[in-house]
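In what follows, every chain begins at residue 1, and chains take the letters A, B, ... in the order their sequences are listed. Atom set for the values below is all heavy atoms of this structure, side chains included, hydrogens, waters and symmetry mates excluded. This one's a predicted model, so the numbers in the text were calculated from it and none came from an experiment.
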Amino acid sequence: MVQKPIVTADEAVKLIKEGDAVMVGGFLGCGSPTGLIAALEKRGTGKMTLICNDCAMYNPKTGEMNGVAPLVAKKRFSTAVISHIGTNPEIQRQMNEGETDVQLVPQGTLAERIRAAGAGLGGVLTPTGLGTEVQDGKKVVEVDGAKFLLEKALSGDVALIRAKKADKSGNCVYDKSGRNFNPLMAMACGTVIVEADEIVEIGELDPEVVVTPSVFVTHLVQGRK
Amino acid sequence: MEYVANKENIAKRIARFFKNGDVVNLGIGLPTLVGNYVPEGVELILQSENGFMGLGPAPEPGKEDPMLVNAGGMPVSILPGGCYFDSAMSFAIIRGGHIAATVLGVLEVDQEGNLANYKIPGKMVPGMGGAMDLTVGAKTVFAATQHFDAKGSSKLLRRCKLPLTAAAQVDYVVTDVGLFQVKDGAFVLKEYFKPYTVDYILEKTDADIVVDKDCKEVDLA
């Protein structure tokens, strides 16, 4: 099995270009690739699109933040495609003042749009959002008498993924509720950088338990100890 | 009669709906309290939309695992028989009708079964998260809310004014004054909770209420 390049976090984020759509795994910071996020924060781009479940947590009183919140604080993105921003007042401020274009997407729809892109589908038909603002501007499709919204597939340029273990070919397993959007985003981008807590030799992962097949992964980064 | 908000009574009444083995998703906040009042002999299987089922209680201090959190980001545990999955699987379970019930918080709920709970334009825009999928997908949708907001206005309305989370999906509204079923464009009052009366509820609620023929008083104390 061919090995994937193992690079540092700083080298990895150089693969991200200004204007790219970047998918970042994690749910309120759980399962986020913290080393890659720190490297991207240093990188200094400002016009990227963030695709993520949430903008993670930020407490303005204590300054504490997790997940992608440091990237939000440094305004690394001009657009965010997100399901939930309630735990980060800074992104709410940026949205209200027109500094960042925030596109809110129902969480299940976001997951399925990303999966669809990775699976070569044009989109999905979902009942979620019918009769709400989410329906605005979208096509309603009737199938056997039931109505659905047509939600288009959502791909990105680069995915930043956090795995528990990856073998050197790129097969990945995840850690508890840290799995969330990671395996989906790994399917939907041309460049897929996996920050693994542990990188093991090919053959060490049981093929029965691999969650992300190596075919999706382009680069590996050793996670922070 | 003076209104006294009572979240525990809302949670207690909703908990009595569930059967042993029901797979349920409880929203963050008031809905989470429902788990504390599940009757003896009933085991709920809790689904957590961030990617697992078999949600268990918070671990003892010092035993938290940062990789195991609920949909509010708080440390939790997983019970024997639980399992992890990705977000697409999580919402396939939710949207695909595999969840018996969801309990969600409320900004406004109306007699058509419309729910608004994710946005106050210009003021509070947390985003819908998983609420839109849960409302559409769960077999039974419980809206759990105090009967009145901080200003004393009825949270049950004829028509929601805020942007909707979902249209015509709410089955039951449980407040701290009574239990209502949403049916044929009205709130059907099934139970009123001691010390409130039917007259009080009819007078103070800003919506069309039909009093069920079997409507009864229930003491949740």
Side-chain angles (χ1 to χ4, degrees), chain A residues 25-31 53-57 66-67 82-88 91-92 95-96 102 104-116 118-119 126-135 162 164 174-187 197 211-212, chain B residues 28 48-52 55 65-78 82-97 112-116 118-119 121-137 160 162-169:
Chain A
F27 193 114
L28 293 178
C30 179
N53 176 63
D54 52 73
C55 284
M57 300 195 265
N66 74 356
I82 293 285
S83 89
H84 190 262
I85 56 174
T87 52
N88 188 335
I91 189 72
Q92 298 193 41
M95 177 177 72
N96 290 337
V102 175
L104 291 170
V105 179
Q107 201 168 103
T109 299
L110 184 63
E112 210 57 40
R113 287 177 66 197
I114 294 169
R115 196 194 67 81
T126 177
T128 302
L130 279 171
T132 75
E133 288 181 352
V134 169
Q135 184 178 323
R162 163 92 176 271
K164 181 182 187 189
Y174 297 91
D175 195 359
K176 308 184 194 78
S177 60
R179 184 181 309 193
N180 54 69
F181 277 77
N182 281 299
L184 307 168
M185 291 173 167
M187 299 167 66
D197 297 352
V211 176
T212 292
Chain B
I28 300 300
S48 193
E49 70 261 27
N50 54 324
F52 61 107
L55 174 74
D65 179 346
M67 299 311 289
L68 185 47
V69 300
N70 65 13
M74 301 308 289
V76 290
S77 56
I78 189 166
C83 62
Y84 300 109
F85 31 76
D86 67 46
S87 297
M89 176 65 85
S90 183
F91 282 91
I93 292 168
I94 288 166
R95 210 191 302 100
E112 306 288 337
N114 298 315
L115 175 69
Y118 87 102
K119 186 176 181 181
K123 266 173 107 178
M124 183 203 75
V125 187
M128 66 290 279
M132 285 193 174
D133 299 279
L134 281 162
T135 322
V136 166
C160 289
L162 293 171
L164 298 185
T165 304
Q169 295 290 338

To the closest 0.5 Å, what do you measure between [atom1] ([X]) and [atom2] ([Y])?
X        : Y        : atom1 : atom2 : answer
B:Ser90  : A:Phe27  : OG    : CZ    : 8.0 Å
B:Tyr118 : A:Leu104 : OH    : CG    : 7.0 Å
A:Thr128 : B:Arg95  : OG1   : CZ    : 5.0 Å
B:Asn114 : A:Thr132 : CG    : OG1   : 11.0 Å
B:Leu164 : A:Leu130 : CG    : CG    : 12.0 Å
A:Asp175 : B:Asp65  : CG    : CG    : 6.5 Å

**OP:** Would you mind telling me which of B:Pro126, B:Ala131, B:Ala116 has the largest number of heavy-atom pairs within less than 4.5 Å of chain A?
**Re:** B:Pro126
**OP:** Quick one: which of B:Ala92, B:Gly72, B:Ala71 has the most heavy-atom pairs under 4.5 Å with chain A, could you say?
**Re:** B:Ala71
Identify which part of [X] has an atom lying under 4.5 Å from any heavy atom of chain B, answering side chain, backbone, both or neither.
X        : answer
A:Val211 : neither
A:Thr87  : neither
A:Arg113 : neither

Between [X] and [Y], what is the shortest heavy-atom contact and its length?
X        : Y        : answer
A:Pro106 : B:Met132 : CG-SD, 3.7 Å
A:Leu184 : B:Ser87  : CD1-CB, 4.0 Å
A:Asn180 : B:Asn50  : CB-O, 3.7 Å
A:Ser177 : B:Val69  : OG-N, 3.1 Å

[X] versus chain A, heavy atoms under 4.5 Å apart: side chain, backbone, both or neither?
X        : answer
B:Ala88  : both
B:Gln169 : neither
B:Leu68  : both
B:Thr165 : backbone

**OP:** Given side chain to side chain contact (heavy atoms under 4.5 Å, CB included), test B:Met67 with A:Lys164 step by step and report yes or no.
**Re:** CA-CA 10 Å; B:Met67 299 311 289; A:Lys164 181 182 187 189; over 6 Å; no
Original post:
Yes or no on side chain to side chain contact (heavy atoms under 4.5 Å, CB included) for A:Glu133 and B:Met128, after CA distance, side-chain angles and deciding distance?
Top reply: CA-CA 11 Å; A:Glu133 288 181 352; B:Met128 66 290 279; over 6 Å; no
Original post:
Side chains of B:Phe52 and A:Lys176: closer than 4.5 Å at any heavy-atom pair?
Top reply: no
Subject >> Atom CE of B:Met89 with >12 non-hydrogen neighbours under 6.0 angstrom >> reply: no
**OP:** For atom CE of B:Met124, decide whether the heavy atoms of other residues, nucleotides or ligands shown that lie under 6.0 angstrom number more than 12.
**Re:** yes
Subject >> Main-chain N/O of A:Gly108 paired with B:Asp133 side-chain donor or acceptor, under 3.5 Å >> reply: yes
Can you tell which of [options] has the highest number of heavy-atom pairs within less than 4.5 Å of chain B?
options                     : value
A:Ser83, A:Gly131, A:Gly86  : A:Ser83
A:Cys30, A:Gly178, A:Pro183 : A:Cys30
A:Ala56, A:Ala111, A:Cys55  : A:Ala111

